[in-house]
2 protein chains.
Amino acid sequence: MVKVRRDTGKAVERLRAVGLRPTRQRVELASLLFRNGDRHVTAESLHDEASGLGLKISLATVYNTLHQFTHAGLLRQVVVDASRGYFDTNTGDHQHFFLEDEGTLIDIPGEEITVAGVPQPPAGLSVDRVDVVVRVRRG
Amino acid sequence: MVKVRRDTGKAVERLRAVGLRPTRQRVELASLLFRNGDRHVTAESLHDEASGLGLKISLATVYNTLHQFTHAGLLRQVVVDASRGYFDTNTGDHQHFFLEDEGTLIDIPGEEITVAGVPQPPAGLSVDRVDVVVRVRRG
DNA sequence: CAATAGTTTAGAACTATTCTAAAGTAAGAG
DNA sequence: CTCTTACTTTAGAATAGTTCTAAACTATTG
Ligand SMILES: [Mn+2]
Ligand SMILES: [Mn+2]
Ligand SMILES: [Zn+2]
Ligand SMILES: [Zn+2]
């Protein structure tokens with residue numbers, strides 16, 4: 001008989017696959033982040049969520065973990081707000097609606113949206129990525 | 001005989017036109033910002049520039065002034081970096097290259113670049129603006 | 001188990017930005 | 001002009017998000 005608290009197995013595998021030790025904290029955060037579909041979190045929102053579920057983890061570790069996951073390719077960062085950093089579990093080609101009133105992000109699939117007419121970058125530089133943010137408000 | 005230290009007259013007019021008192025500090029900053037073509041500044045870069053020219057102005061006033069100019073429609077803000085806020089003297093329709101290594105912005109005219117296929121925003125919300133950031137690096 | 005490299009964390013430190021409240025100044029009235 | 005007042009500037013304190021430090025802890029391997 002195996003005792004399973006949560007769907008922790010997949011998280012452990014996922015961590016091992018990218019060369020990260022499956023510590024309790026990393027497994028718990030990975031479970032929260034990758035359980036369902038795509039998510040957009042800030043360090044503090046994720047920390048609050050974990051704390052609210054009774055998980056014991058420091059904010060510093062949440063920051064460390066989000067960066068490690070990002071460097072491992074499990075997450076990407078999204079810049080939409082000068083005062084908060086967002087992390088996105090969807091690392092594929094896509095763009096965002098940003099609800100300025102709520103501070104929330106909604107994905108726009110990469111197949112739906114297109115950017116045309118990007119001029120050639122200045123000499124010696126190459127395009128790293130093209131980000132589109134559609135800012136929306138009530139009204 | 002009129003003593004003119006700088007091209008200060010246009011700045012004074014511009015401030016009066018938007019209902020801002022032409023104080024020494026606002027006139028000096030407006031002169032720096034709007035003298036030549038388009039500029040992209042951070043509060044600190046503008047403060048450094050002013051200080052370097054021997055102008056006496058506090059960083060708090062630079063922040064105040066940049067926000068007042070923005071609210072008056074003389075500037076707009078650009079979000080490209082989670083750790084710094086940029087202000088843009090070009091308030092027209094355009095997008096940006098962001099040189100991630102240097103932290104500098106280059107305009108892309110609005111007529112050159114196009115975004116197609118933006119889905120309808122969620123119910124009750126309307127599009128405020130669409131921002132495109134083309135992130136470029138050496139290589 | 002023991003040894004060790006990697007990890008977590010409390011709290012200090014940092015950085016960009018905003019706030020406070022006291023001193024200074026532009027603008028209109030007289 | 002000069003007075004009066006509302007607006008402005010500013011030094012320094014305060015915030016907020018994030019990173020750093022270094023000491024305690026733990027996953028992994030032999
Ligand atoms: Mn990083
Ligand atoms: Mn503002
Ligand atoms: Zn996304
Ligand atoms: Zn611009």
Side-chain angles (χ1 to χ4, degrees), chain A residues 8-9 11-32 40-51 54-72 74-75 77-87 103 105, chain B residues 8-9 11-32 40-51 54-72 74-75 77-87 103 105:
Chain A
T8 256
V12 171
E13 285 170 39
R14 199 187 293 252
L15 291 172
R16 287 229 163 83
V18 297
L20 288 171
R21 281 193 191 175
T23 63
R24 174 178 61 77
Q25 291 86 341
R26 297 210 273 231
V27 170
E28 289 172 347
L29 292 182
S31 297
L32 290 180
H40 303 94
V41 302
T42 63
E44 207 166 1
S45 79
L46 184 59
H47 182 250
D48 288 351
E49 179 180 347
S51 303
L55 306 180
K56 216 200 149 217
I57 185 169
S58 74
L59 183 56
T61 296
V62 173
Y63 274 105
N64 289 343
T65 303
L66 287 172
H67 282 131
Q68 291 154 356
F69 285 9
T70 300
H71 295 147
L74 300 178
L75 294 175
Q77 279 186 274
V78 183
V79 178
V80 284
D81 185 323
S83 71
R84 282 170 198 288
Y86 286 81
F87 292 83
L105 288 164
Chain B
T8 255
V12 171
E13 285 170 39
R14 198 188 293 254
L15 290 172
R16 287 229 162 84
V18 297
L20 288 172
R21 281 193 190 175
T23 64
R24 173 177 63 75
Q25 292 85 340
R26 295 209 273 229
V27 170
E28 289 173 347
L29 292 182
S31 297
L32 290 181
H40 304 93
V41 302
T42 63
E44 206 164 3
S45 78
L46 184 59
H47 182 251
D48 288 350
E49 179 180 346
S51 303
L55 306 178
K56 216 201 148 217
I57 184 168
S58 75
L59 182 57
T61 296
V62 173
Y63 274 105
N64 289 342
T65 302
L66 288 172
H67 281 131
Q68 291 155 356
F69 285 9
T70 300
H71 294 147
L74 301 178
L75 293 176
Q77 279 185 274
V78 183
V79 179
V80 284
D81 184 325
S83 71
R84 283 171 197 288
Y86 286 81
F87 292 84
L105 289 164

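Since we're looking at a predicted model, the values are computed, not measured. Labels below follow one simple rule: chain letters A, B, ... track the order of the sequence lines, proteins then strands, and each chain is numbered from 1.
- A side-chain donor-acceptor contact under 3.5 Å links A/Tyr86 to the backbone of A/Gly103.
- Ring centers of B/Tyr63 and B/His47: at least 6.0 Å apart, outside the cut-off.
- Under the 4.5 Å side-chain criterion, counting only non-hydrogen atoms from C-beta, A/Phe69 is in contact with A/Leu15.
- Whole-Å rounding puts the A/Leu15 CG to C/dT8 P distance at 10 Å.
- Side-chain nitrogen and oxygen atoms of B/Thr61 include at least one within less than 4.0 Å of the OP1 or OP2 phosphate oxygen of D/dT10.
- As a whole-Å value, the separation of B/Arg84 CZ from C/dC14 P is 17 Å.
- Separating the NE2 atom of A/His47 from the C1' atom of C/dT8 is a distance of 12 Å, rounded to the nearest angstrom.
- At whole-Å resolution of the value, CG in B/Leu29 and P in D/dT8 are 14 Å apart.
- When distances run from any side-chain atom of B/Ala43 to the nucleotides C/dT17, C/dT9, D/dT19, the shortest one goes to C/dT17.
- The nearest whole Å value for the distance from the CG atom in A/Leu46 to the P atom in D/dG17 is 15 Å.
- To the nearest 0.5 Å, the span separating CG on B/Leu29 from CD on B/Gln25 amounts to 8.0 Å.
- Rounded to whole angstrom, the span from the NE2 atom of A/His71 across to the C1' atom of D/dT19 amounts to 13 Å.
- Of the residues in residues 18-27 of chain A, those with a non-hydrogen atom less than 4.0 angstrom from any atom of DNA chain D are A/Arg21, A/Pro22.
- At least one side-chain nitrogen or oxygen of B/Tyr63 sits closer than 4.0 Å to the OP1 or OP2 atom of C/dT17.
- A/Asn64 places its CG atom 10 Å from the P atom of C/dT7, with the value rounded to the nearest Å.
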(request) I would like to know whether A/Val80 and B/Val79 meet side chain to side chain contact (heavy atoms under 4.5 Å, CB included); could you show each step before the answer? (result) CA-CA 6 Å; A/Val80 284; B/Val79 179; 5.7 Å; no
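- Look at CD on B/Glu28: it is 13 Å from P on C/dT25, rounded to the nearest Å.
- Residues B/Arg16 and B/Leu59 both approach DNA chain C. Their nearest nucleotides, taken by heavy-atom distance, put B/Leu59 toward the 5′ side.
- The residue B/Ser83 sits close only to the backbone: its heavy atoms come under 4.0 Å of sugar-phosphate atoms, none of a base.
- Taking every side-chain heavy atom of A/His67 into account, D/dT19 is the closest of C/dT9, D/dT19, C/dC19.
- Screening A/Leu20, A/Ile57, A/Thr61 for a side-chain contact (heavy atoms from CB on, under 4.5 Å) with A/Arg26, the sole residue that qualifies is A/Leu20.
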